[in-house]
Amino acid sequence: MAIAAYLIDPAEARYELADLLEKHTRFAPPGDAASSGQLDLDGTAAGPAERAGREALAVHHIAGPIEASLDAQGMANLYHSIENPLVRVLAKMEHVGVGVDTNTLRSINERLTHEVESLGAELREVAGKEDLNLNSPTQLRALLFEERELSPVGVKKTKSGYSTDAQTLEKLKDQWPEFIQPLLRHREVEKLRGTYGEGLLHEVAEDGRIHATFNQTVARTGRLSSDRPNLHNIPVRSDEGRVFRTAFVTPPGTKMLVADYNQIELRCIAHLAADPGLIEAFTSGQDIHNATAARVFGVDPADVTLEQRSKAKMVSYGLAYGMEAYGLGQRLNIPTDEAATILEAYFVAFPNVKAYMDATVQEARKTGYTETLFGRRRPIPELLNSNWRIRQAGERQAMNAGIQGLAADIFKVALVRIDEALAAGGHQAELVLQVHDEVIVEVPDDERDEVGAQIVEIMRDAAELDVPLEVNVSWGDTWAAAKG
DNA sequence: GGCTCATGTAA
DNA sequence: TCTTACATGAGCC
């Protein structure tokens, strides 16, 4: 029920039966329900049995209208063949959980704790403040900008004053290196210790595994989210953060399979925009960022520099987010006009992408919502807001929704089919995690070849686009070992 | 105890 | 002033 309501409006904060009753039926405004005593859902029911009965009655009243609404909006298929079957798949993953080696986790945590303590002592010494709280932006702001009077030229502001985020500290570094250098390091280590070291240890259950919750009605684009803990943001980019992945393990006799889509969002852009250049690059299996750089900077693919490739990569991903010149400039650390030149060159090289973005926004402005290939809708009322800034944000959301949403749809199809195939094949292998475009499966050694091949095939065939879907597979005893 | 803010992880 | 999430500690009520 909640999931059907989510498809109809993914922006709601919650999907409680009492609210749904009010929103989707004319039948029972809350007052009437309470006074009639039939559908009182807010707590005066005598016991669990009576509550359950009332909830069942509420469902009975909502089901018809909501099904009709799904149907009218062309989302019946999305609901019945993807979202609804996915409920059990996610429930099973939550129940199974993922194995964690607490000894590894504790030893990582201990090392980080020591470093944080020694950095803390050093920083308080340098600052000459016994009780400086290094986690307090307020205290840091006072120290840096008031007491030490560092020059805030070009420094971002927050609502409460000058920012003290990492980007800002980098700019200030030369003015007080013996403090700011270790402060940056302290931030980094404290983040890892607090959020991942402590955070993950708190979530390990009696069975030695972590059972996160995978939310199906939270992300407005159709993605899943994870909480308690969030397993979608376990560090991977830095070596130091990535070690946390060594603590995610499989039992003896099994291996961890990690299968992820290769650049699925860019492939979605290529398909949606029907851009010949992008489609050709993906179809012929070129390095997409290299091919993009060659076209954007007008050089031979063989002559693309690493810097050009890296810029092209950021432009590509920025595009999926509805990026503008200003944002690209920030990201690349170059002036806005230079970023604008790069962006223009991109749109000249891939004209259909520009056309797709424009058409998407226009359509969303007209209808009030965007729609993915699978029919998932996202209303964007911001497009009609009187505030220019909010309208602009709406345009970026519109550009992003079809892309991120399509990738999410494809991924969900794959999840449902993987679960089906594992069950049908009588395998013991089990899905244990998913991270937006990646599945992690615990596989008994003797099922390895068969299951591996099966999963790749399912993911590849989850959707038929104008570009091939590529899947990377790796194996290991831990999540870290199975990466790359 | 709950809320917002600033910060920083991920795709 | 580039999307989508979630967790943390500080600081406030």
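Note on naming: letters A, B, ... go to the chains in the order of the sequence lines (proteins, then strands), and numbering restarts at 1 for each one.
With rounding to whole Å, A:Glu382 atom CD is found 14 Å from C:dT1 atom P.
Residue A:Thr221 places no side-chain N or O under 4.0 Å from the OP1 or OP2 atom of C:dA5. An OP1 or OP2 oxygen of C:dC6 is reached within less than 4.0 angstrom by no side-chain nitrogen or oxygen of A:Arg228. In this model, the phosphate group of C:dT1 is not approached by any side-chain N or O of A:Arg331 to a distance below 4.0 Å at OP1 or OP2. OP1 or OP2 of B:dT7 sits under 4.0 Å from a side-chain N or O of A:Thr164. Between A:Lys191 and B:dT9, a side-chain N or O to OP1/OP2 separation shorter than 4.0 Å is absent. For A:Thr158 and B:dA6, the shortest distance from a side-chain N or O to OP1 or OP2 is below 4.0 Å. Considering only side-chain N and O atoms, A:Ser225 lies nowhere under 4.0 angstrom from the phosphate OP1 or OP2 of C:dT4. Close to B:dT9, at under 4.0 Å from its OP1 or OP2, lies no side-chain N or O of A:Arg237. For the pair A:Asn133 and C:dA10, the criterion of a side-chain N or O lying under 4.0 Å from OP1 or OP2 is met. Regarding contacts with the backbone of C:dC2, every side-chain N or O of A:Gln397 stays at 4.0 angstrom or more from both OP1 and OP2.
Rounded to whole Å, the separation between the P atoms of C:dT1 and B:dC5 comes to 15 Å.
Counting only heavy atoms from C-beta on, A:Arg389 has its side chain closest to C:dT1 among C:dC6, B:dA10, C:dT1. Side-chain atoms of A:Glu188 lie closest to B:dT9 of the nucleotides C:dA10, C:dA5, B:dT9. If you check B:dT7, C:dC2, B:dA10 against the side chain of A:Met323, the one that comes closest is C:dC2. For A:Ala219, taking side-chain heavy atoms from C-beta onward, the closest of the listed nucleotides C:dA7, C:dT3, C:dA5 is C:dA5.
Judged by distance alone, with hydrogens and angles left aside, the side-chain atoms of A:Lys171 form a donor-acceptor pair with the main-chain N or O of A:Gly154 at under 3.5 Å.
If you take CG on A:Leu192 and CG on A:Asn109, they are separated by 10.0 Å, rounding to the nearest 0.5 Å. Taking CG from A:Leu119 and NE2 from A:His186, the interatomic distance works out to 6.5 Å, rounded to the nearest 0.5 Å.
Stacking annotation: A:Tyr326 is not stacked on the base of C:dT1 (requires ring centroids less than 5.5 angstrom apart and an interplanar angle below 30 degrees).
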Query raised in the report: Going through the checks in order, is the salt bridge (charged side-chain N to carboxylate O under 4.0 Å, His left out) test met by A:Arg148 and A:Glu178?
Result: CA-CA 13 Å; A:Arg148 300 286 304 201; A:Glu178 63 276 28; 5.2 Å; no
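Within a 6.0 Å sphere centred on CD of A:Glu94, heavy atoms belonging to other residues, nucleotides or ligands number more than 12.
With hydrogens and angles left out, the side chain of A:Arg223 and the base of B:dA11 share a donor-acceptor pair within 3.5 Å. Remark: the A:Gln404 side chain and the C:dT3 base include a donor-acceptor N/O pair separated by less than 3.5 Å.
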